[in-house]
Amino acid sequence: HAKEKGRNNYQFFSESMDNYLKLRLEMENDLRAALSDDQFEVYYQPQYDAESMAIVGLEALLRWRHPTKGLLTPGYFIEIAESTGLILSIGNWVLMQACCQVRQWQQESGCAYRIAVNLSASQFTQSYLLETVRKTLKESGLLPETLELEITETAMLKDTAETIPLLFSLKKLGVRLAIDDFGTGYSSLSYLKNFPIDTLKIDRTFVEEIVTNSKDCAIAQTIVQLADNLQLCTIAEGVETSEQADVLRKLGCAEFQGFYFSHPLPVSQLSLLLKH
Ligand code: C2E
Ligand code: MG
Ligand code: MG
Ligand code: MG
């Protein structure tokens with residue numbers, strides 16, 4: 001019996017593996033066509049000042065309008081984009097798109113909205129990132145201090161001999177640098193001393209149970225205090241309730257981002273929101 005069962009399991013495993021590989025290859029091929037076929041779209045999620053509740057920034061979040069699968073979030077394709085190298089051209093596209101769009105919103109409103117753009121690890125380690133950012137700022141006409149690049153700790157610490165000079169060069173251009181998902185990487189805090197960082201984004205996992213879990217609350221508090229001591233800005237991600245916002249405000253967190261305030265929205269809807 002055991003043998004038979006084993007064989008069946010193997011067969012099942014092998015079939016699902018086969019399906020998985022097929023699906024992945026399919027996604028890979030689809031992804032190759034997506035950029036030239038104009039299937040990507042940038043959504044924007046507002047970031048709010050904790051005191052005035054005014055919109056002070058926007059995070060650009062990539063979406064893929066897949067011809068048969070519908071609107072896909074990065075969870076479905078970003079890893080494939082990374083492993084195929086397609087993330088480089090997609091990432092450059094997002095950067096240009098977001099900078100031009102926000103420049104337009106800035107001009108329409110007279111507000112100096114900040115735009116946050118996520119950088120993948122491979123974008124961050126490419127040697128011409130600096131040139132790409134410089135060119136994008138020039139072509140979009142965006143003021144450098146209104147662009148914030150979001151990088152995860154893991155990406156930032158991949159090769160510090162390379163990344164420290166790159167971070168300083170980016171800083172020299174005048175852009176802001178944020179650490180995304182702060183507190184979830186396997187890193188020491190010492191890099192905060194040597195890296196020219198402007199913002200810590202408190203990861204959603206600490207915000208989720210901040211009202212009921214005293215450990216999450218203590219961690220969020222520590223991040224805010226650390227940021228204060230180093231004169232960095234803090235943004236809490238994934239704020240879904242007013243209670244979470246209240247706790248974070250009391251801790252001194254500077255800015256909020258999350259479904260409670262607004263979901264990521266397409267350009268047309270965000271244009272309406274900014275007019276009100
Ligand atoms: P992230 O940079 O940490 O972005 C925040 C994610 O949390 C977004 O997911 C956003 O939709 C989601 N979110 C915002 N508020 C809430 C909330 O209140 N509750 C919950 N549960 N979630 C919330 P999304 O858009 O699916 O993006 C996932 C990740 O994909 C991003 O995480 C980022 O790492 C990556 N990503 C997105 N756009 C790009 C891009 O243009 N380039 C690169 N390299 N990565 C991107
Ligand atoms: Mg981000
Ligand atoms: Mg994040
Ligand atoms: Mg996150």
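When a ligand or atom number is given, it counts from 1 through the structure's own listing order. By convention here, the first residue in the shown sequence is residue 1.
Within the structure, the closest approach of R63 to ligand 1 falls below 4.0 Å when heavy atoms are considered. Ligand 1 lies nowhere less than 4.0 angstrom from a heavy atom belonging to H263. Residue contact annotation: G91 has no non-hydrogen atom under 4.0 Å from ligand 1.
Set against the non-hydrogen atoms of S120, the atoms of ligand 1 under 4.0 Å away are 44 (N). Near T73, meaning under 4.0 Å from any of its heavy atoms, are these atoms of ligand 1: 26 (O). Of all the atoms in ligand 1, the ones that sit under 4.0 Å from a non-hydrogen atom of D181 are 3 (O). Distances below 4.0 Å separate heavy atoms of E240 from the following atoms of ligand 1: 17 (C), 18 (O), 19 (N), 20 (C), 21 (N). Listed by atom number, the atoms of ligand 1 under 4.0 Å from P264 heavy atoms are 11 (O).
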(request) Apply ring pair (Phe, Tyr, Trp, His ring centres under 6.0 Å) to the pair F261 and Y48, showing each step before the final yes or no. (result) CA-CA 8 Å; F261 302 102; Y48 294 80; 5.2 Å; yes
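Taking the six-membered ring for Trp and the full ring otherwise, the centers of W105 and Y113 sit at least 6.0 Å from each other.
Here V94 has side-chain heavy atoms under 4.0 Å from ligand 1, and that is the only part of it that gets that close. Using a 4.0 Å cut-off between heavy atoms, V117 makes no contact with ligand 1 at all. Of all the heavy atoms of Q45, the ones lying under 4.0 Å from any atom of ligand 1 belong exclusively to the side chain. At a 4.0 Å heavy-atom cut-off, ligand 1 touches V239 through the backbone alone.
Counting just the N/O/S atoms of D181, the one with the shortest distance to the Mg ion (ligand 3) is named OD1. Within D180, OD1 is the N, O or S atom that lies nearest to the Mg ion (ligand 3). Among heteroatoms of the N, O or S kind in E237, OE2 lies nearest the Mg ion (ligand 3).
Around the Mg ion (ligand 2), the angle linking E150 (OE1) with E59 (OE2) is 90°, rounded to 10 degrees.
Looking at every heavy atom in both residues, Q244 comes nearest to E208 through NE2-O, 3.0 Å.
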